Amino acid sequence: MDSRDRVGISLDELQLAARNHGMPLEALRYPITPIGLHYLLIHYDIPLADDLDWTLEIGGLVDRPSTITLGHLKARPAEEITVTMECAGNGRARLDPRPVSQPWLLEAVGTARWRGAPLRPLLEEAEIGEGAVEVLFTGADHGREGGIDQQFQRSLSLEDALESDAILAYEMNGVPLPPQHGFPLRLVVPGWYGMASVKWLARIDLLEAPFSGYQQEQSYRLRQHEDEPGEPLTRMLPRSLMVPPGRPDFLTRERIVDSGPNVLDGRAWSGLGEVASVQVSTDGGRSWDGAAVDGVDSGRWAWRGWSFRWTAEPGTYELCCRARDSAGNEQPLEPPWNLGGYANNSVQRIPVTVV
Ligand SMILES: Nc1nc2c(c(=O)[nH]1)N[C@H]1C(S)=C(S)[C@@H](COP(=O)(O)O)O[C@H]1N2
Ligand SMILES: [Mo]
């Protein structure tokens with residue numbers, strides 16, 4: 001059946017949603033998302049891995065190919081970066097017609113402290129061969145997607161691999177990576193949508209031609225039609241999310257808020273520039289006021305907190321928030337549709353009843 005004919009959420013989508021959970025939006029209160037509340041996206045199965053015999057192969061177009069044990073990697077100079085990661089499919093379930101895949105609403109995001117070995121010196125030590133144009137990252141997980149048997153593989157241009165502050169992480173929030181987040185080793189590419197950060201990292205290969213595998217050429221591209229190549233997804237568009245205020249109704253999760261002074265707060269991020277401003281609307285996006293945005297406490301790649309004072313009168317409201325980044329990108333009021341349901345960063349809308 002064509003995805004355009006589907007109306008309700010299918011059991012296939014429910015099965016994906018139950019495996020790949022989101023971050024409950026109240027967890028926006030934590031600057032660092034506790035493990036277990038960070039969202040998950042796992043295309044196939046979580047591989048069963050043993051850190052004692054895990055090795056990373058570095059090969060392809062390099063003069064010094066090598067096999068590195070996890071022990072050796074951990075003995076190298078380490079870096080810790082706080083990174084907000086968001087799935088490129090966040091917002092997909094709100095598109096109409098809805099592309100059939102993991103049906104995220106808004107919760108495919110989390111922020112973690114990732115610790116590991118910087119990628120750049122590892123590539124330089126491997127002595128990158130003349131003519132190398134891309135770096136391919138291969139995960140240990142297998143599956144079939146789009147009718148193609150594959151391991152999860154994604155590439156970066158050589159320039160992005162060298163310049164993007166990427167690390168090979170073996171710790172998350174101060175403990176070894178949990179299985180679901182890539183134990184024992186993953187790539188973390190700060191500022192990029194999550195698909196770039198290959199988990200269960202087993203191989204790195206320098207390529208003399210652009211990688212044409214499924215996750216690069218078929219998936220993660222902005223396309224209106226199957227027969228156009230489309231633009232590849234790279235860095236995260238700006239988004240702000242609000243901690244849902246007050247208390248929820250169990251089934252609809254609509255919010256009930258007490259009248260009087262309230263503080264609305266949340267977090268905002270962009271992979272394309274600094275967060276320049278956050279605005280809040282209490283009337284469904286007709287009028288906007290500026291929110292106070294926190295300083296850059298956790299570095300360039302982490303979301304920033306914001307807050308807004310609201311004196312609530314009894315009635316019904318639609319609360320919205322939107323971010324703008326220093327590159328001039330702003331969240332749209334209406335969702336931008338594409339075949340894969342990617343990069344829908346339209347403003348969050350929260351129905352609220354003030355009592
Ligand atoms: N090997 C491998 N890496 C992967 C994936 C995967 O399925 N297999 N999913 C990717 C996608 S689409 C996202 S959004 C992020 C999610 O990372 P997280 O589950 O740690 O939040 O991992 C990426 N890395
Ligand atoms: Mo993703």
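Heavy atoms only: backbone and side chains are in, while hydrogens, waters and symmetry mates are out. Computed from a predicted structure; not experimentally measured. Whatever order the structure lists them in is the order used to number ligands and atoms, beginning at 1.
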Can you tell me which residue and heavy atom of the protein come closest to [atom], and the distance to 0.1 Å?
{"atom": "atom 11 (C) of ligand 1", "answer": "M195 CA, 3.8 Å"}
{"atom": "atom 3 (N) of ligand 1", "answer": "K199 N, 2.8 Å"}
{"atom": "atom 21 (O) of ligand 1", "answer": "Y39 O, 2.8 Å"}
{"atom": "atom 23 (C) of ligand 1", "answer": "G194 O, 3.3 Å"}

Which ligand 1 atoms does [X] reach within 4.0 Å, using its non-hydrogen atoms?
{"X": "W200", "answer": "1 (N), 2 (C), 8 (N)"}
{"X": "D141", "answer": "1 (N), 2 (C), 6 (C), 7 (O), 8 (N)"}
{"X": "I42", "answer": "7 (O)"}
{"X": "C87", "answer": "14 (S)"}
{"X": "H38", "answer": "21 (O)"}
{"X": "M85", "answer": "17 (O)"}
{"X": "S197", "answer": "22 (O), 23 (C), 24 (N)"}
{"X": "L40", "answer": "19 (O)"}

Quick check against the 3.5 Å criterion: does Y214 have a side-chain atom that pairs as donor or acceptor with the backbone of D149?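 Not confirmed, Y214 side chain does not pair with D149 backbone.
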
Does any N/O atom on [X] come nearer than 3.5 Å to any N/O atom on ligand 1?
{"X": "H43", "result": "yes"}
{"X": "Y44", "result": "no"}
{"X": "W114", "result": "no"}

Going by atom types alone, do Q331 and Q348 pair a side-chain donor with an acceptor below 3.5 Å?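 Their side chains do not contain a donor-acceptor pair, so the 3.5 Å distance test is not met.
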
Does a donor on one side chain and an acceptor on the other come within less than 3.5 Å for H43 and E145?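 Distance-only check passes for H43 and E145.
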
Cationic N near anionic O, under 4.0 Å, R76 to E125: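 Yes, charged N to carboxylate O under 4.0 Å.
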
At their closest point, which heavy atom of E86 faces which heavy atom of R239, and how far apart are they?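 So the minimum-distance heavy-atom pair works out to OE2-NE, 2.7 Å.
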
Would you say the ring centers of Y170 and W54 fall short of 6.0 Å from each other?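 So the answer is no for these two rings.
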
Which one holds for [X] and ligand 1: side chain close, backbone close, both close, or neither close, with close meaning a heavy atom under 4.0 Å?
{"X": "L41", "answer": "both"}
{"X": "Y193", "answer": "neither"}
{"X": "Y220", "answer": "side chain"}

Do the side chains of [Y] and [X] get nearer than 4.5 Å, heavy atoms only?
{"X": "S240", "Y": "Q279", "value": "no"}
{"X": "V62", "Y": "L206", "value": "yes"}
{"X": "V175", "Y": "I35", "value": "yes"}
{"X": "V355", "Y": "D258", "value": "yes"}

Working note: W200 + Y44, criterion ring pair (Phe, Tyr, Trp, His ring centres under 6.0 Å); need CA distance, chi angles, decisive distance, verdict. CA-CA 12 Å; W200 311 291; Y44 314 128; 9.3 Å; no

From the candidates Q215, R186, Q180, the one that places a heavy atom nearest atom 22 (O) of ligand 1: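 Heavy atom nearest to atom 22 (O) of ligand 1 belongs to R186.
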
Face-on cation placement of R267 at W306 ring, 6.0 Å and 45° thresholds: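 Not flagged: R267 not positioned over aromatic ring of W306.
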
